[in-house]
Amino acid sequence: MKDENFFEHVWELTRQIPAGRVTSYGAIAKALGTDNLSRMVAKAMGACGNANPPVPYYRVVSSDGRLSGDPASAGKRQAMLEAEGVGVKALKVLNFKQVCWDPLKELE
DNA sequence: ACGATGACTCTTC
DNA sequence: GGAAGAGCCATCG
């Protein structure tokens, strides 16, 4: 399954996200050289449950710092982020500009 | 093979 | 600043 290859890249990058920080699907996709595959990154998040070790997908949000997907899942991620020190309100990351983590600039 | 759908993003109104 | 439309790729009926 070559899809897993792409997924693994996403997961690997996601695991490198420091605690108290969040990144966007587009940023991850761009880091992989496929900024237009933001949707696939989202799919990878949905499939991260199949990853080992598990992936902190709750640190991955949309470009505006908002949690997408099912309210149940999103709310869960919100609680996780808050536990990490990231302020989240109404499924949206507070001070997103401060907590935003760009793999291309920060990780390089 | 075709059309519709989606945890996205960007540009334009 | 919020809403709408178009673009993108992979998956599903």
Side-chain angles (χ1 to χ4, degrees):
Chain A
M1 311 222 243
K2 49 189 170 172
D3 303 307
E4 283 191 4
N5 188 21
F6 177 76
F7 288 165
E8 280 186 45
H9 279 285
V10 177
W11 300 337
E12 191 177 344
L13 202 56
T14 304
R15 291 197 201 98
Q16 289 164 65
I17 302 175
R21 289 285 188 89
V22 293
T23 190
S24 55
Y25 301 95
I28 296 175
K30 201 166 197 169
L32 298 176
T34 54
D35 66 323
N36 48 330
L37 290 183
S38 46
R39 287 184 147 108
M40 304 303 102
V41 176
K43 271 188 194 293
M45 293 296 104
C48 73
N50 197 26
N52 188 326
V55 179
Y57 65 93
Y58 54 84
R59 287 184 189 151
V60 182
V61 297
S62 55
S63 62
D64 224 1
R66 72 184 172 204
L67 288 65
S68 311
D70 269 341
S73 213
K76 200 171 176 181
R77 285 172 267 160
Q78 175 173 337
M80 300 283 254
L81 290 171
E82 289 185 303
E84 296 275 305
V86 180
V88 182
K89 193 68 173 185
L91 303 182
K92 281 205 229 127
V93 178
L94 303 178
N95 308 317
F96 178 61
K97 287 184 166 181
Q98 292 183 49
V99 297
C100 73
W101 181 81
D102 192 335
L104 284 177
K105 293 190 169 188
E106 306 290 329
L107 181 65
E108 199 148 315

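Naming convention: chains lettered A, B, ... in sequence-line order (proteins, then strands); numbering from 1 in each chain.
Atoms CG (A:Asp70) and C1' (B:dT5) sit 15 Å apart, rounded to a whole Å. Straight-line distance from the CZ atom of A:Phe6 to the P atom of B:dC8: 14 Å, rounded to whole Å. Here the P atom of nucleotide B:dC10 and the CZ atom of A:Arg66 are 11 Å apart, to the nearest Å. The CE atom of A:Met45 sits 15 Å away from the C1' atom of B:dG6 (whole-angstrom rounding). In this entry the distance linking CZ of A:Phe7 with P of C:dC9 reads 16 Å, nearest Å. What separates CG of A:Asp102 from P of B:dT9 is a distance of 13 Å, to the nearest Å.
A heavy-atom distance below 4.0 Å to DNA chain C is reached by these residues of residues 20-40 of chain A, ordered by number: A:Asn36, A:Leu37, A:Arg39, A:Met40.
Within the 4.5 Å cutoff, the side chain of A:Thr14 has no heavy atoms near those of the A:Cys48 side chain. For the pair A:Val93/A:Leu67, a side-chain contact is recorded, criterion being any heavy-atom separation below 4.5 Å from C-beta on. Within the 4.5 Å cutoff, no side-chain heavy atoms of A:Leu32 are placed close to those of A:Leu37. Residues A:Trp101 and A:Arg59 are not in side-chain contact: their nearest non-hydrogen atoms beyond the backbone lie 4.5 Å or more apart. When side chains are defined from C-beta on, A:Val61 counts as touching A:Phe96, because their heavy atoms get closer than 4.5 Å. Side-chain contact between A:Leu91 and A:Arg66 is absent, with no heavy atoms from C-beta onward closer than 4.5 Å.
Distances shorter than 4.0 Å separate some side-chain N or O of A:Ser63 from OP1 or OP2 on B:dT9.
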